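Throughout, a chain's letter reflects where its sequence line sits, starting with A, and its residues are numbered from 1. Excluded from the calculations below are hydrogen atoms, water molecules and symmetry mates; all remaining heavy atoms, backbone and side chain alike, are included. Because the structure is predicted, anything quoted here is derived from the model rather than measured.
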Protein chains: 2
Amino acid sequence: MLHLQDAELHTNEAYPGTQAVARAIALLKAFSDAQPEWGLRELAQATALNKTTAFRLLSALEAEGLVMRNPLSGGYRLGVEMVAMGGTAMRSNPLRAVSRPNLETLAQTVDEASTLEVLVGSQVLIVDEVSSRHPMGMSQDVGSRLPAHATATGKVLLAYAGEGGSAPLPSSLVRMTEKTIVDPVILALEFEQIRQRGYAVAVDELELGFVAIAAPVFDRERVAVAAISIGGPGLRLTADRLPEVTGLVQMTARQISRQLGYWPG
Amino acid sequence: MLHLQDAELHTNEAYPGTQAVARAIALLKAFSDAQPEWGLRELAQATALNKTTAFRLLSALEAEGLVMRNPLSGGYRLGVEMVAMGGTAMRSNPLRAVSRPNLETLAQTVDEASTLEVLVGSQVLIVDEVSSRHPMGMSQDVGSRLPAHATATGKVLLAYAGEGGSAPLPSSLVRMTEKTIVDPVILALEFEQIRQRGYAVAVDELELGFVAIAAPVFDRERVAVAAISIGGPGLRLTADRLPEVTGLVQMTARQISRQLGYWPG
DNA sequence: AATCGTGTTTCATATTATGAAATAATTGTA
DNA sequence: TACAATTATTTCATAATATGAAACACGATT
């Protein structure tokens, strides 16, 4: 059995002797905002797992509360334990702990929402968000992912990730609006400019009417581990405000970087 | 090998053939607000796993981003992928989707924070929170857990969980304040009263100066799947306001229940 | 230099995960 | 109502995969 289908299909060879865990996580990662509920067969198919194997792994995940079933449809969903662990993960994120007070003052100064984001593959993950009017809470979309090439933060992170050589461009640059940069060549030029200026701007690139300005956060090893941004409607974040806002974003990013042990030079 | 140490130690026999997954999840569950970072040896010890096994499983989790390492200390932490999954889990929670608008109006009407919580073992998990001043965001402690017997929501859920026979009392009733109910007999009487009245109040039981009022949310199978609450400082939530607030909390809970398919009678 | 405490790698072993096939449950269709 | 057709479970022989003892490497602290 086990017709050695394709062990080398997955790029992350990781560590031998953990097939079951890797597969279980693959199942968990299949759940998304777009498809939060799966039937067994389609989920097994989507993860390229044997139906029985998927069932067994899901049963284990369900027993631990990471996955729960819709009593009506019988479909699988992420469970409450996942919510709990995500909360713990977020609260224990050292980057977030350092950044939060800085993000709060930034958001209040500019009176627009500020975010902290990291690069995960070809997407940016919103690690924290402080909305200007509600400085104590965190926005709904913490934990959301967005296509990196269509966001200011993502462009910053991609620009500095590939600083040494060629930037690791996502294979497919999906178009979000007519302003989204989908040409790899133009995007490479954009990255060059971002590295020179030290910040990125995205106007209508993710969503029509949405403007964002982002700057990189460096750790003590001088790698861009995150990016912060100010984002809001173009009606408020007008062109004449950009120089001022850009300066504030860059200043905040430098402050966070310094608190992470980064030293310019 | 595998000196069959104690396969029956864990209560959840779950499904055979998923040892590795169950162990990996045990590792993940070890991370908490109190101890967000672990060394390999202590984590292996805490989860009763062989050091090598723990290392291998953690490597797999790390490769998938569920766990990350502190580059300085080498310690293990929950990773960013965990944040992402938690966010997805929360946003896809059907209970939360139904409750949120109701919680928002409740919070605004009373002008205090409202929460949605579910019972996980002997603790309540905060699934959602709407703070009165910041109605759009969600509070920091979504995903946090609190001892059920010391909270209004927890008491409600325990009272209705054991409705049929004896209530499933947590084995150790930890004392949070001098008002915390730690006597099982008194707690049982409290549950009886809660079932009769249809709501629970907790004054200074979790934290001195903190008052909360909770009511149960029923699904279409008439089981109390969650509880909602209003909570705030005793200085604002005074005794004379309780009747009014209690009514609003109960009304909101009934509305959510009805939207879940519950029909009274 | 030496000892202790970490984390990491190796490797023989058989326990444990595996998937084909059979069965049960559910749904849609004649 | 019976009959397909689809999905979810269970069973079970098989060996691939997870396992843990032991050896190793590395960095502290003495």
Side-chain angles (χ1 to χ4, degrees), chain A residues 1-10 12-28 30-31 35 37-64 66-77, chain B residues 1-10 12-28 30-31 35 37-64 66-77:
Chain A
M1 89 183 57
L2 237 203
H3 302 166
L4 58 95
Q5 27 188 42
D6 38 11
E8 52 277 273
L9 200 154
H10 304 84
N12 39 357
E13 259 311 302
Y15 209 83
T18 51
Q19 191 193 59
V21 175
R23 288 176 165 185
I25 297 172
L27 287 170
L28 290 176
F31 295 91
Q35 182 140 8
E37 184 166 334
W38 290 86
L40 175 62
R41 189 200 55 80
E42 50 177 356
L43 182 51
Q45 202 167 350
T47 50
L49 289 176
N50 180 286
K51 196 170 52 143
T52 308
T53 302
F55 176 72
R56 186 165 4 86
L57 294 173
L58 285 167
S59 298
L61 293 171
E62 187 188 359
E64 299 290 348
L66 296 203
V67 150
M68 65 190 304
R69 308 192 65 169
N70 185 331
L72 297 174
S73 61
Y76 290 93
R77 288 178 160 276
Chain B
M1 90 182 60
L2 237 207
H3 303 165
L4 57 97
Q5 28 190 40
D6 38 12
E8 53 278 272
L9 201 154
H10 303 83
N12 37 358
E13 260 311 304
Y15 209 84
T18 52
Q19 193 193 58
V21 175
R23 287 176 166 184
I25 298 172
L27 286 169
L28 290 176
F31 295 91
Q35 181 140 10
E37 184 165 332
W38 291 86
L40 175 62
R41 190 199 55 78
E42 49 178 357
L43 183 51
Q45 202 165 349
T47 50
L49 289 176
N50 180 285
K51 195 169 54 140
T52 309
T53 302
F55 176 72
R56 186 163 6 84
L57 295 173
L58 284 167
S59 298
L61 294 170
E62 188 188 359
E64 300 291 349
L66 297 203
V67 151
M68 64 190 304
R69 307 192 65 167
N70 185 330
L72 297 173
S73 62
Y76 290 94
R77 289 180 159 275

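- Atom CD of A/E37 is separated from atom CZ of A/R77 by 4.5 Å, given to the nearest 0.5 angstrom.
- One atom, CG of B/L40, and another, C1' of C/dG7, lie 6 Å apart when rounded to the nearest Å.
- At C/dC4, none of the side-chain N or O atoms of B/R41 fall inside 4.0 Å of OP1 or OP2 (strictly under the cut-off).
- When the nearest nucleotides of DNA chain D are assigned to A/V21 and A/G74 by heavy-atom distance, the more 5′-ward of the two goes with A/G74.
- Residue B/L72 contributes atom CG, which lies 15 Å from atom C1' of D/dG27 at whole-angstrom precision.
- In this structure, CG in B/L58 is found 5.0 Å from CG in B/L27, a value given to the nearest 0.5 Å.
- Closest-nucleotide positions on DNA chain D for B/L57 and B/K51 were compared, and the one nearer the 5' end corresponds to B/L57.
- Contact annotation: A/R56 does not reach the phosphate of D/dC12 (side-chain N/O to OP1 or OP2, under 4.0 Å).
- When the P atom of C/dA17 is taken as reference, atom CG of A/L61 falls 13 Å away, rounded to whole Å.
- Atoms CG and CZ, on B/L28 and B/R23 in that order, are 14.5 Å from each other to the nearest 0.5 Å.
- Put simply, the side chain of A/L49 reaches to within 4.5 Å of the side chain of A/L57, judged on heavy atoms.
- At whole-Å resolution of the value, CZ in B/R23 and P in C/dT15 are 13 Å apart.
- Considering only the side chain of B/Y76, C/dT8 comes nearest among C/dT8, D/dT9, C/dT18.
- Using a 4.0 Å heavy-atom cutoff across all strands shown, B/G39 reaches sugar-phosphate atoms only and no base atom.
- Neither OP1 nor OP2 of C/dG7 sits under 4.0 Å from any side-chain N or O of B/R69.
- Distances shorter than 4.0 Å separate some side-chain N or O of B/T53 from OP1 or OP2 on D/dG20.
- Atom CG of B/L43 sits about 13.0 Å away from atom NZ of B/K51, to the nearest 0.5 Å.
- With rounding to whole Å, B/N50 atom CG is found 14 Å from C/dC11 atom C1'.
- For C/dA20, the base has a donor-acceptor partner in the side chain of A/T52 [N/O atoms by modelled type, under 3.5 angstrom].
- As rounded to whole Å, 13 Å separates atom C1' of D/dT6 from atom CD of A/E42.
- Put simply, CZ on B/F55 is 16 Å from C1' on D/dA21, counting in whole angstrom units.
- Rounded to whole angstrom, the span from the CG atom of A/L58 across to the P atom of D/dT7 amounts to 16 Å.
- Residue A/Q19 has no polar side-chain atom (N or O) positioned under 4.0 Å from OP1 or OP2 of D/dA16.
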